[in-house]
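Below: one structure, written as structure tokens.
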Amino acid sequence: MAIVDENWHTPRSTIKERISFMFNKDHLSDVKFVVFDGNGENESRQMIPAHKFILAISSPVFKAMFYGKLVETGRTIELPDCDYESLLELFRYMYSDEVNLSGSNVMKVLYLAKKYMVPSLANKCVKYVFGHLDASNVFNILPCAQKYDEKLLVDKCWKVIDEDAEAAMKSESFATIDRSLLEAVVERNTLDIAELELFNRVTEWATKKFEEQGIVADGQQKRRLLSIHFPKRRLLSIHFPVMTEEEFSFVLRSGILRLGEVIFKADINSVENRPVGFPKTKRSSRFKRCCRYNSSVTFDLIRSSCPSSLTFTVDCEIQLHGVYLFGEKDSSHSLTLYLERDQDGVLASTGGTFLSKLHRSCKCYGFEVWFEEPVSLQKGSKYHAHVVADHPLYNTNACGLVQCISGVTFTFFLSLTQSPIAEFIFNLNCE
């Protein structure tokens with residue numbers, strides 16, 4: 001540690017500056033925390049100096065530890081459940097109200113914020129995750145969000161999985177999920193994925209579980225791993241009956257189904273209510289999408305830093321969950337989204353920092369912004385969507401009248417159609 005000048009406090013006129021200066025310094029420290037990074041022979045022992053008083057006024061857990069009935073008198077405390085980087089960020093926040101979050105440390109910092117009861121830091125972590133959550137990391141985030149009882153984050157994870165199931169299940173993190181989470185995924189009737197693709201992802205998950213044990217598994221071994229041991233249930237709820245005969249032939253080659261379950265398409269369709277042991281309905285995404293532009297044609301994107309507004313009506317009652325905005329390739333965007341109705345003012349608002357990714361169906365980049373709760377939109381009412389961003393976004397002129405596949409018609413007022421909002425994400429009130 002660097003030697004501290006005796007007059008270090010002189011140029012620091014505020015208490016915040018002086019406390020921030022003490023972060024991670026031996027000067028005046030009265031406790032040291034020991035953490036262990038790595039495993040086995042590569043494990044390293046690292047130490048972080050701290051000041052009991054500062055920790056105690058930031059966390060009731062530390063207050064009890066240092067000034068409670070069961071006071072911790074030792075000058076060195078080992079913490080086996082955290083790593084150096086995440087503990088350092090916890091302390092940084094306690095000393096300065098600042099934290100350096102990243103994809104690799106945010107869930108560990110969230111764990112410590114929960115453990116030491118620092119709700120403002122926990123909120124920062126959750127907000128960070130909301131802005132960086134996508135199909136590539138959702139299966140890393142979801143188990144932690146469930147464990148820490150972060151309901152809004154759990155719901156957002158399921159939305160990502162539902163809407164981009166194929167990409168999520170191709171991610172490296174999918175192979176690491178446990179059996180119960182796999183079952184919860186496959187049980188969802190709202191996954192936007194072809195049934196054969198889902199079956200392939202599930203069997204790959206089983207294959208990798210056996211590979212971790214050094215086993216080359218056959219179809220029946222995979223079946224035993226995937227079976228559900230409850231009455232009247234045999235295998236994970238793959239919707240085999242909705243597959244074409246060609247798709248079903250790929251399933252047969254896996255060797256996972258038993259002879260009694262090999263029911264050909266013609267046999268399934270010959271008797272309407274014939275029990276087949278597997279769901280017979282197609283999955284359907286929870287959410288509908290209304291694009292303001294025709295993705296089959298080229299459209300101009302205009303970079304603009306001005307706050308933008310989009311005025312529109314709908315011809316039936318819907319629940320609006322969020323929007324998709326145009327953005328700059330692989331960039332972060334900080335913004336606030338407001339939704340107003342003429343006679344009521346602001347109905348809902350949301351915001352944060354969002355990472356732009358390539359759109360699934362067209363050659364443009366952007367990101368989704370979701371409201372914490374869906375907003376009910378009434379037929380014929382005039383709504384205004386306002387976007388206020390810290391940095392320029394891309395706007396485009398689009399159609400004034402859009403008929404969605406779901407049968408809902410959005411009408412956009414022509415004088416105000418230039419907006420970064422590319423899609424509305426919603427469902428019908430009756431769904």
Side-chain angles (χ1 to χ4, degrees), residues 39-40 80-83 86 103-112 114-115 122 125-126 129-130 132-193 195-240 254-257 278-279 283 286:
N39 295 301
D81 62 342
C82 66
D83 63 281
S86 57
S104 62
N105 73 15
V106 63
M107 298 312 291
K108 297 174 184 177
V109 176
L110 176 59
Y111 164 73
L112 293 177
K114 292 280 189 175
K115 176 181 177 180
C125 293
V126 171
V129 175
F130 261 82
H132 293 78
L133 182 64
D134 60 26
S136 69
N137 60 24
V138 66
F139 283 115
N140 281 331
I141 303 300
L142 178 56
C144 295
Q146 291 173 325
K147 180 179 179 181
Y148 305 151
D149 197 28
E150 288 290 341
K151 185 179 182 304
L152 291 178
L153 186 54
V154 170
D155 290 345
K156 177 68 180 295
C157 287
W158 283 122
K159 287 176 182 177
V160 171
I161 293 169
D162 279 342
E163 288 291 282
D164 208 358
E166 184 173 342
M169 296 177 79
K170 284 182 177 179
S171 66
E172 293 182 4
S173 56
F174 177 68
T176 67
I177 67 174
D178 62 24
R179 175 65 178 68
S180 62
L181 182 51
L182 177 72
E183 179 181 339
V185 171
V186 179
E187 285 286 335
R188 296 180 73 81
N189 288 323
T190 49
L191 296 177
D192 187 7
I193 189 172
E195 208 63 32
L196 179 59
E197 184 67 26
L198 177 61
F199 175 78
N200 289 337
R201 301 281 76 78
V202 168
T203 54
E204 286 181 8
W205 176 90
T207 298
K208 290 179 180 178
K209 291 299 180 184
F210 281 109
E211 287 177 349
E212 291 172 2
Q213 305 172 49
I215 299 173
V216 179
D218 60 21
Q220 286 306 299
Q221 287 174 301
K222 294 175 186 177
R223 178 194 175 83
R224 284 192 290 273
L225 178 60
L226 297 172
S227 292
I228 302 175
H229 303 292
F230 294 115
K232 300 182 181 180
R233 298 293 296 276
R234 310 176 202 176
L235 194 65
L236 285 176
S237 297
I238 305 294
H239 298 204
F240 294 112
S254 71
I256 288 180
L257 292 182
F278 298 101
R283 300 174 195 266
R286 290 173 56 197

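Quick note: numbers below take in every heavy atom, side chains included, and nothing from hydrogens, waters or symmetry partners. Keep in mind that what you see is a predicted model, and the values were worked out from it rather than measured. Throughout, residue positions are numbered sequentially from 1 according to the sequence presented.
Rounding to the nearest 0.5 Å gives a distance of 8.0 Å between CG of Asp83 and CG of Asn105. Note that the NE2 atom of His239 and the CG atom of Asn189 stand 4.5 Å from one another [nearest 0.5 Å]. In this structure, CZ in Phe139 is found 11.0 Å from CG in Asp178, a value given to the nearest 0.5 Å. A distance of 6.0 Å separates CZ in Arg283 from CD1 in Ile238, rounded to the nearest 0.5 Å. The distance from the CH2 atom of Trp205 to the OG1 atom of Thr176 is 10.5 Å, given to the nearest 0.5 Å. Once rounded to the nearest 0.5 Å, the distance linking SG of Cys82 with CG of Leu112 reads 5.0 Å.
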Could you walk me through whether Val202 and Val185 pass the side chain to side chain contact (heavy atoms under 4.5 Å, CB included) check? CA-CA 10 Å; Val202 168; Val185 171; over 6 Å; no

Using the rule given for side chain to side chain contact (heavy atoms under 4.5 Å, CB included), can you reason through Leu153 versus Phe130, listing the C-alpha separation, both sets of side-chain angles and the distance that settles it, and then say yes or no? CA-CA 7 Å; Leu153 186 54; Phe130 261 82; 3.8 Å; yes

Under the side chain to side chain contact (heavy atoms under 4.5 Å, CB included) rule, what do Lys114 and Asp149 come out as? Steps first, then yes or no, please. CA-CA 10 Å; Lys114 292 280 189 175; Asp149 197 28; 5.7 Å; no

Determine, stepwise, if the pair Val129 / Lys156 fulfils side chain to side chain contact (heavy atoms under 4.5 Å, CB included). CA-CA 10 Å; Val129 175; Lys156 177 68 180 295; over 6 Å; no

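A pairwise comparison of heavy atoms in Met169 and Ile193 identifies SD-CD1, 4.1 Å as the closest pair. Across all their heavy atoms, Ala168 and Val138 have their closest contact at CB-CG1, 3.9 Å. Among all heavy-atom pairs drawn from Leu181 and Pro143, the shortest one is CD2-CG, 3.9 Å. Val106 and Cys125 get closest at one heavy-atom pair: CG2-O, 3.7 Å. Listed here is the closest heavy atom pair of Ile177 and Lys209: O-NZ, 3.2 Å. Of all heavy-atom pairs between Tyr148 and Tyr111, the closest is OH-CB, 3.0 Å.
At least one donor-acceptor pair under 3.5 Å links the side chain of Arg179 to the backbone N or O of Leu225. For Glu166 (side chain) and Asp192 (main-chain N/O), no donor-acceptor pair under 3.5 Å exists by modelled atom type. Distance alone, capped at 3.5 Å, places no donor-acceptor pair between the Asn137 side chain and the Asn140 backbone. A donor-acceptor pair under 3.5 Å links the side-chain atoms of Gln221 to the main chain of Asp218, judged by distance alone. Between the side chain of Arg223 and the main chain of Leu257, no donor-acceptor pair closer than 3.5 Å is present.
Using a 4.0 Å cut-off between charged side-chain N and carboxylate O, Glu204 and Lys208 make no salt bridge. A salt bridge is absent between Lys159 and Asp155; no separation between the charged side-chain nitrogens and carboxylate oxygens falls under 4.0 Å.
Counting non-hydrogen atoms of other residues, nucleotides and ligands closer than 6.0 Å to CD of Glu172 gives a total of 12 or fewer.
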